[in-house]
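Note sheet for the following structure.
The analysis underlying the following values was restricted to heavy atoms, covering all of them including side chains, and did not include hydrogens, waters or symmetry mates.
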Amino acid sequence: MNKDKYVFAQLVQFMDRNHFNYLVRKYDGDKYVKSYTCWNQLLTLMFGQLSNRESLRDLIVAMEAHAGKLYHLGIGKSVTRSNLSKANEQRDYRIFEEFAFFMIAEARKRRIQKIFELDGHVYAFDSTTIDLCLSVFEWAKFRKHKGGIKMHTLYDVEAQVPAFVHITEANVHDTKAMPEIPYEAGAHYIFDRGYNDFGNLYTIHRIGAFFVVRAKTNVRFRPETWKRRLPPNVVSDSIGYFTVYKSAKDYPEKLRKVVCIDPEDGTRYIFLTNNLTASAETIAELYRNRWSVELFFKWIKQHLRIKKFWGISENAVRIQIYCAIITYCLVAIVQHDMKLERSIYEVLQILGISLTDKTHLRDLFDKSNFKNINDLCDSSEPNLFNF
């Protein structure tokens with residue numbers, strides 16, 4: 001069936017075009033559009049992500065090099081710098097934002113697996129700042145001579161894909177994004193020290209969810225009960241209340257304080273959690289897995305285009321970031337559905353050099369075709385995501 005289809009066209013079949021068309025109609029994305037539709041725009045940007053185009057000029061040159069193939073790739077009959085720039089600047093970014101959330105849900109549904117013996121999902125929440133040139137991106141003022149935006153990400157630790165992405169100006173404090181999280185009862189949310197906002201943590205507690213946050217060293221806590229028999233590397237495990245007026249007002253109920261020592265480097269960690277029954281080892285292990293969201297940030301910045309942008313408006317930047325998320329989820333879905341014995345990194349690199357080949361996807365990922373993808377693509381980072 002796919003004998004005469006390009007690799008990129010075969011990839012597109014893994015996406016739900018009907019749902020995308022519904023979002024386009026919802027936001028009038030194709031109103032007054034004659035040829036270059038939102039779907040063509042999405043595929044153009046995804047082609048740029050997969051082929052690792054450095055700039056808008058680079059992307060257009062690649063389109064022109066494959067001009068005779070564009071229609072069969074699904075991109076349309078022609079792509080020019082002006083119509084792509086105009087589409088990125090004027091079309092509602094919410095079309096791509098909501099489709100990114102749809103792709104996230106599809107990827108999570110396929111890839112969910114149980115790592116912890118817990119009833120709900122396990123999420124890590126953190127943010128990364130994407131630097132921008134203030135003289136070019138004037139709307140993205142961060143500091144006096146620096147621009148940037150911040151990508152707040154709720155990462156599904158067990159499915160290894162993002163569950164929610166929220167984009168703000170870079171000067172927005174991390175805790176300001178906590179109310180935007182779509183909390184689930186019974187789930188566990190893991191935070192670093194920058195999220196010691198006890199009012200927001202109490203919101204998590206009230207909806208029946210759990211949190212694990214690394215506390216600051218000056219936290220004031222009055223213990224009422226202690227666990228006597230402690231496992232190795234656990235200094236203390238107690239349940240009590242905050243003593244500082246504001247903290248106690250924001251979080252008036254009891255919570256748990258666990259102090260652990262990292263056996264590798266001797267670092268002392270203080271954790272606060274409203275899970276009063278899980279073992280101290282489980283609390284420490286939950287926080288240890290928070291590092292997976294940092295790996296995701298590192299991976300997507302290195303292997304997809306979210307540091308160099310193909311447009312200078314805020315709308316264009318948002319569209320490109322959401323298209324990067326869509327591309328990441330698409331690669332994750334392809335890897336799962338085809339049961340590929342390769343990491344997401346390997347799948348992305350093989351696709352990037354094969355988009356205009358007429359090869360069946362199953363044959364494309366045959367181990368014998370690309371025995372050492374890391375040498376082929378000159379990478380020393382093969383194991384960021386070995387799913």
Side-chain angles (χ1 to χ4, degrees), residues 114-126 154-158 163 173-179 181-294:
K114 281 295 178 183
I115 299 176
F116 303 95
E117 298 300 323
L118 300 169
D119 294 334
H121 297 293
V122 177
Y123 299 106
F125 189 70
D126 208 343
L154 183 68
Y155 192 75
D156 191 325
V157 174
E158 295 178 311
H173 194 272
D174 290 344
T175 57
K176 300 297 183 182
M178 293 177 73
I181 299 175
Y183 294 112
E184 303 171 7
H188 282 74
Y189 296 88
I190 313 165
F191 302 98
D192 204 6
R193 279 184 294 195
Y195 295 90
N196 276 257
D197 186 308
F198 301 125
N200 282 314
L201 294 176
Y202 188 54
T203 299
I204 298 175
H205 177 74
R206 285 191 291 110
I207 68 169
F210 302 98
F211 64 83
V212 176
V213 60
R214 185 180 177 186
K216 296 181 180 179
T217 55
N218 62 351
V219 62
R220 296 291 179 263
F221 180 82
R222 183 182 74 251
E224 292 193 342
T225 60
W226 294 264
K227 289 191 176 182
R228 301 298 181 184
R229 296 181 179 179
L230 301 175
N233 303 316
V234 177
V235 177
S236 68
D237 187 352
S238 58
I239 297 175
Y241 296 87
F242 287 123
T243 57
V244 176
Y245 173 76
K246 185 178 185 311
S247 301
K249 181 180 178 182
D250 291 340
Y251 199 103
E253 296 191 28
K254 66 174 62 175
L255 74 165
R256 182 179 177 189
K257 178 183 175 184
V258 178
V259 182
C260 301
I261 298 293
D262 189 335
E264 295 184 0
D265 57 12
T267 304
R268 183 185 180 93
Y269 291 91
I270 304 174
F271 303 124
L272 297 175
T273 178
N274 63 333
N275 189 328
L276 307 182
T277 58
S279 66
E281 294 102 319
T282 299
I283 301 302
E285 186 64 23
L286 284 169
Y287 182 80
R288 188 177 296 114
N289 278 269
R290 192 201 67 83
W291 187 247
S292 59
V293 69
E294 302 285 359

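Residues that satisfy the side chain to side chain donor-acceptor pair (under 3.5 Å) test with Tyr189, not counting sequence neighbours, are absent from this structure. Every residue was checked against the side chain to side chain donor-acceptor pair (under 3.5 Å) condition with Tyr183, not counting sequence neighbours, and none meets it. Contacts of Asp250 classified as salt bridge (charged side-chain N to carboxylate O under 4.0 Å, His left out), with partners at least two apart in sequence or in another chain: Lys246. Listed by chain and number, the residues in a side-chain contact (heavy atoms from CB on, under 4.5 Å) with Asp119 amount to none (sequence neighbours excluded). Residues satisfying the side chain to side chain donor-acceptor pair (under 3.5 Å) criterion with Tyr195, sequence neighbours excluded, are absent altogether.
Contact annotation: the side chain of Asn274 approaches that of Tyr251 to within less than 4.5 Å [non-hydrogen atoms, C-beta and beyond]. Using a 4.5 Å heavy-atom cutoff, the side chains of Leu272 and Phe198 are in contact. Ile190 is not listed as a side-chain neighbour of Phe125, based on a closest heavy-atom distance of 4.5 Å or more.
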For residues 216-228, run the donor-acceptor check on the side chains, cut-off 3.5 Å, and write out each pair with its distance to 0.1 Å, sequence neighbours left out.
from	atom 1	to	atom 2	distance (Å)
Arg220	NH1	Asn218	O	2.9

Under 3.5 Å, which donor-acceptor pairs do the side chains of residues 275-286 form with other protein atoms, sequence neighbours left out?
from	atom 1	to	atom 2	distance (Å)
Asn275	OD1	Thr277	N	3.2
Asn275	OD1	Thr277	OG1	3.3
Asn275	OD1	Ala278	N	3.0
Asn275	ND2	His188	NE2	3.0
Ser279	OG	Thr282	N	3.2
Ser279	OG	Thr282	OG1	2.8
Glu285	OE1	Arg288	NH1	2.3
Glu285	OE2	Asn289	ND2	3.2

Just list the side-chain donor-acceptor pairs under 3.5 Å for residues 231-245, sequence neighbours left out, or say none.
from	atom 1	to	atom 2	distance (Å)
Asp237	OD1	Arg256	NE	2.9
Asp237	OD2	Arg256	NH2	2.7

Derivation of the side chain to side chain contact (heavy atoms under 4.5 Å, CB included) call for Val157 and Phe116: CA-CA 10 Å; Val157 174; Phe116 303 95; 4.3 Å; yes

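Between His205 and Tyr202, the two ring planes are parallel [angle under 30°; tilted spans 30° to 60°].
Considering every non-hydrogen atom in both Arg268 and Arg214, the closest pair reads O-NH2, 3.9 Å.
When the options Asn200, Ile204, Asp126 are evaluated for a side-chain contact (heavy atoms from CB on, under 4.5 Å) with Phe191, the one that passes is Ile204.
Sorted by first and then second residue, the salt bridge (charged side-chain N to carboxylate O under 4.0 Å, His left out) pairs with a member in residues 189-206 read Asp192-Arg290; sequence neighbours excluded.
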